[in-house]
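Everything below concerns the one structure shown next.
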Amino acid sequence: MEMQKLYLLVPLAPLCGAIIAGLFCRVIPRWLAHTVTIAGVAASFVASVIIFNDVQAGNAYNGSVYTWMTSGDYKFEVGFLIDSLTTTMMLVVTFVSLMVHIYTIGYMQEDPGYNRFFSYISLFTFSMLMLVMANNFMQLFFGWEAVGLVSYLLIGFWYTRPTAIFANMKAFLVNRVGDFGFILGIGLVLAHFGTLDYATVFQKAPEMASTKIDLFGAGSAVSLMTATCICLFIGAMGKSAQVPLHVWLPDSMEGPTPISALIHAATMVTAGIFMVARTSPLFELSTTALSFVIVIGAITALFMGFLGIIQNDIKRVVAYSTLSQLGYMTVALGASAYSVAIFHLMTHAFFKALLFLAAGSVIIGMHHEQDIRQMGGLRKYMPITWITSLIGSLALIGTPFLSGFYSKDSIIEAVALSHIPGAGFAYFAVIAGVFVTAFYSFRMYFLVFHGEERFGKVHAEHHGSHDDDNSSAHDHHHGLAPGQKPHETPWVVWLPLVLLAIPSLALGFITIGPMVFGDYFKGAIFIDHQAHPAMSHFSEHFHGAVAMGIHSLTTLPFILALSGVLTAWFFYMKRPDIPAAIQRRFSAINTLFENKYYFDKINEFVFAGGARLLGKALWRGGDVATIDGVMVNGSAKLVGFVASITRVFQTGYVYHYAFTMIIGLVAMISWFVLRALPLNAY
């Protein structure tokens with residue numbers, strides 16, 4: 001019973017902090033706002049650690065807290081499923097969120113919306129925890145929509161800026177497209193399984209594997225599992241920003257840097273990856289759905305990485321890196337390597353939060369300058385930010401023995417051994433993505449921390465269009481003035497960087513054995529090893545974390561990563577004229593990249609344009625013609641027409657009324673006579 005109270009504490013502690021900081025944001029002092037929210041998230045983290053240890057001792061839990069609605073035979077309950085998958089997500093969410101909360105004290109100290117921001121990020125943490133702790137699809141959907149709502153509030157936090165309002169509306173609307181598919185998938189589960197409880201649905205799933213449904217009403221029989229899984233994954237495509245529903249994620253940089261780290265590392269974008277891993281018993285019954293997943297992930301991993309090469313905004317480089325790494329996780333899901341996907345989700349959460357918060361530290365040190373072309377040589381001015389950024393970048397590109405290496409190389413190996421249709425293309429994409437990731441990561445690293453000092457010099461093209469990460473206090477000044485030097489940030493900013501750098505270094509080495517090849521996820525993740533044997537074959541090649549690291553020094557991914565780093569060093573430290581020449585020579589490709597493959601225009605035409613056309617048709621045909629024209633104005637005209645006829649007979653003279661009665665009587669008699677005559681009389 002005590003553990004069940006602790007389960008409740010995990011989501012409710014951040015919620016209490018969010019309520020206090022939010023409802024009383026105008027009256028409480030700043031120190032109280034950050035104290036209550038940080039205390040709430042810290043309590044949640046400590047409780048998560050205790051629960052994690054309890055689960056590792058073999059004490060999993062699945063039960064409802066209360067029933068909030070009953071409809072016929074259906075019960076909609078709030079409940080918790082506490083197993084190894086859940087506790088992993090709980091630890092990642094609460095720890096990264098705690099680091100972001102501490103970091104925010106320094107980053108947002110000059111912002112007038114300080115208390116409101118702390119309220120939002122605590123509410124975000126609560127929403128994500130409700131999502132990952134759910135034991136049924138309805139509660140999952142609640143958390144799913146709650147993180148979407150709070151992300152809308154956070155991306156548009158600086159609501160006086162039109163770009164921020166455009167970005168949060170874009171995120172909200174694009175996610176509605178994905179969520180439409182997601183709720184259709186949940187509807188299929190409810191209609192055919194009669195319940196939304198995970199355990200019951202997963203138990204019944206093998207019996208429903210051969211079930212067909214008439215999806216479009218024209219005799220088009222489709223596998224229930226395929227339709228359900230693809231609909232659920234469309235929801236994941238929106239939340240986890242997979243092509244073509246990825247367009248909202250780069251624009252989310254309009255929010256403050258702490259929330260960029262929270263969205264991209266531990267919450268929201270990881271929700272789709274978690275959901276597919278949680279529903280692995282369903283996805284394992286549809287090879288078609290897995291093939292769809294692996295192809296979408298491969299396209300995202302490679303082609304979003306290309307866009308990171310041309311970005312000059314420091315936060316957007318990291319944002320496109322997130323898109324690419326989410327593609328890697330999705331590829332792992334498609335290869336039935338669910339444990340590897342969650343493993344990469346975990347390691348990525350730490351080094352990606354580190355990179356975002358380090359980028360924010362650079363922005364503070366550079367007086368809210370974000371263009372990497374205006375930086376250079378920051379290593380000697382910001383040593384802590386420099387070393388932590390280097391650790392994060394090395395982890396991201398998969399440097400042997402660092403956390404990112406173990407998870408990223410595991411994905412590549414699992415895909416190489418997969419027989420899912422589309423695995424060949426996916427393997428090419430993730431291999432090519434290794435070079436691309438190394439190149440754009442160290443392009444940013446070298447331009448920011450090494451080379452000549454370019455700050456204080458204003459380029460003509462600089463102030464045209466970059467994403468200012470500033471509060472209203474900084475709207476009129478960006479960058480260092482001539483003669484001004486950068487500075488290291490205060491301890492509340494660099495301490496989270498150091499704490500995030502530690503798991504970025506060592507976590508993968510420690511956990512790869514039990515998480516990927518052990519029974520860590522036993523009972524939480526299901527794989528049909530006969531139909532999808534990739535992980536079985538992969539485990540045969542694993543001989544320990546040390547052996548894996550040593551062996552990697554002679555493999556293709558290591559050679560490609562090293563080549564990417566050296567190419568970036570040569571291009572941007574030795575021969576900066578070469579990238580400019582390549583850009584001029586391949587101007588058509590550069591234009592394609594700068595326009596982000598024109599996905600924004602395509603989505604605007606398909607979704608926004610289609611929605612406008614549908615709305616106009618419904619307005620003209622439904623509102624104007626049917627409702628106003630027929631039902632409202634038509635009924636009024638009918639009443640007026642009848643009234644105009646009856647008015648002729650309403651004269652007030654008795655003989656007029658008598659004449660009308662006689663005419664009516666004659667009409668009635670004539671009708672009865674005609675009805676009484678036999679048919680042959682006509």
Phe538 ring center within less than 6.0 Å of Phe517 ring center: yes
Check: His348 ring centre within less than 6.0 Å of Phe351 ring centre: yes
Step-by-step side-chain contact (heavy atoms from CB on, under 4.5 Å) determination, Val65 to Glu77: CA-CA 7 Å; Val65 178; Glu77 297 176 329; over 6 Å; no
Euclidean distance, Asn62 CG relative to Ile82 CD1, rounded to 0.5 Å: 9.0 Å
Within 6.0 angstrom of Ile183 CD1, more than 12 heavy atoms from elsewhere: no
Gap separating the OG1 atom of Thr35 from the CD1 atom of Ile105, nearest 0.5 angstrom: 7.0 Å
Ser407 versus Tyr328, side-chain donor and acceptor atoms under 3.5 Å: no
Ser418 side chain vs Ile420 backbone, donor-acceptor pair below 3.5 Å: yes
Mutual orientation of the aromatic rings belonging to Tyr7 and Tyr61 [parallel < 30°, tilted 30-60°, perpendicular > 60°]: tilted
With Ser410, the side chain to side chain contact (heavy atoms under 4.5 Å, CB included) member among Val415, Ile512, Thr347: Ile512
Geometric cation-pi criterion, Arg176 with Phe172: 6.0 Å, 45°: yes
Closest non-hydrogen atom pair between Lys239 and Gly272, with its separation: CB-N, 4.4 Å
N/O donor-acceptor pair under 3.5 Å between Tyr120 side chain and Val150 backbone: no
Sub-4.5 Å side-chain heavy-atom contact between Ile51 and Met90: yes
Main-chain N/O of Thr94 paired to Ser97 side chain as donor or acceptor, under 3.5 Å: no
4.5 Å side-chain heavy-atom contact, Pro258 and Phe117: yes
Ionic contact status for Glu413 with Lys408, cut-off 4.0 Å: no
Residue pair Met304, Thr322: steps toward the side-chain contact (heavy atoms from CB on, under 4.5 Å) verdict: CA-CA 9 Å; Met304 293 303 106; Thr322 300; over 6 Å; no
Expected output: side-chain Asn168 to main-chain Tyr152 donor-acceptor under 3.5 Å: yes
Any Met89 side-chain heavy atom under 4.5 Å of Met128 side chain: yes
Ser240 side-chain N/O to Met237 backbone N/O, donor-acceptor pair under 3.5 Å: no
Nearest atoms (heavy-atom pairs only) where Ser336 meets Ile527: O-CD1, 3.3 Å
Trp248 side chain vs Leu173 backbone, donor-acceptor pair below 3.5 Å: no
Closest approach of Gln56 to Ser84 (non-hydrogen atoms, all atoms of both residues): NE2-CB, 4.4 Å
Any donor-acceptor N/O pair, Thr279 side chain to Leu282 backbone, under 3.5 Å: no
Any side-chain heavy-atom pair of Thr195 and Leu190 under 4.5 Å: no
His34 side chain near Thr104 side chain, heavy-atom distance below 4.5 Å: no
Side chain proximity check, Leu6 to Met3, heavy atoms < 4.5 angstrom: yes
Any side-chain heavy-atom pair of Leu8 and Lys5 under 4.5 Å: no
Value rounded to 0.5 Å, distance of SG in Cys229 from CZ in Phe283: 4.5 Å
Close aromatic pair by centroid cut-off 6.0 Å: Tyr406 and Phe343: no
Side-chain donor-acceptor contact under 3.5 Å, Gln203 with Tyr198: no
Between Ser339 and Tyr520: side-chain donor-acceptor atoms closer than 3.5 Å: no
Under 3.5 Å side-chain donor-acceptor pair for Asn59 and Asp54: yes
Lys/Arg-Asp/Glu bridge criterion (N-O < 4.0 Å) met for Arg278, Asp83: yes
His344 (side chain) donor-acceptor with Val340 (main chain) under 3.5 angstrom: no
Polar side-chain atom of Thr330 near backbone of Gly297 as donor-acceptor pair, under 3.5 Å: no
Between CG on residue Leu15 and CG on residue Leu129, distance to nearest 0.5 Å: 10.5 Å
Ile259 CD1 to Leu154 CG distance, which is reported to the nearest 0.5 Å: 4.0 Å
Any donor-acceptor pair under 3.5 Å from Gln139 side chain to Gly79 backbone: yes
Val174 vs His246 side-chain heavy atoms within contact, under 4.5 Å: no
Residues Ile342, Met346; criterion side-chain contact (heavy atoms from CB on, under 4.5 Å); working and verdict: CA-CA 6 Å; Ile342 297 299; Met346 178 185 71; 5.6 Å; no
Derivation and outcome, side-chain contact (heavy atoms from CB on, under 4.5 Å), residues Phe274 and Leu85: CA-CA 9 Å; Phe274 165 79; Leu85 177 58; 3.8 Å; yes
Over-ring placement of Lys315 relative to Phe356, 6.0 Å and 45° cut-offs: no
CG-CG distance between Leu354 and Leu505, expressed to the nearest 0.5 angstrom: 9.0 Å
Shortest non-hydrogen separation from Ala395 to Ser504 and the atoms involved: CB-O, 3.9 Å
Stepwise side chain to side chain donor-acceptor pair (under 3.5 Å) test for Tyr338 and Glu284: CA-CA 10 Å; Tyr338 305 100; Glu284 282 299 285; 2.6 Å; yes
Which atom of Met225 lies closest to which atom of Ala205, heavy atoms considered: CE-O, 3.9 Å
Non-hydrogen atoms of Gly63 and Asn135 that approach each other most closely: O-ND2, 3.5 Å
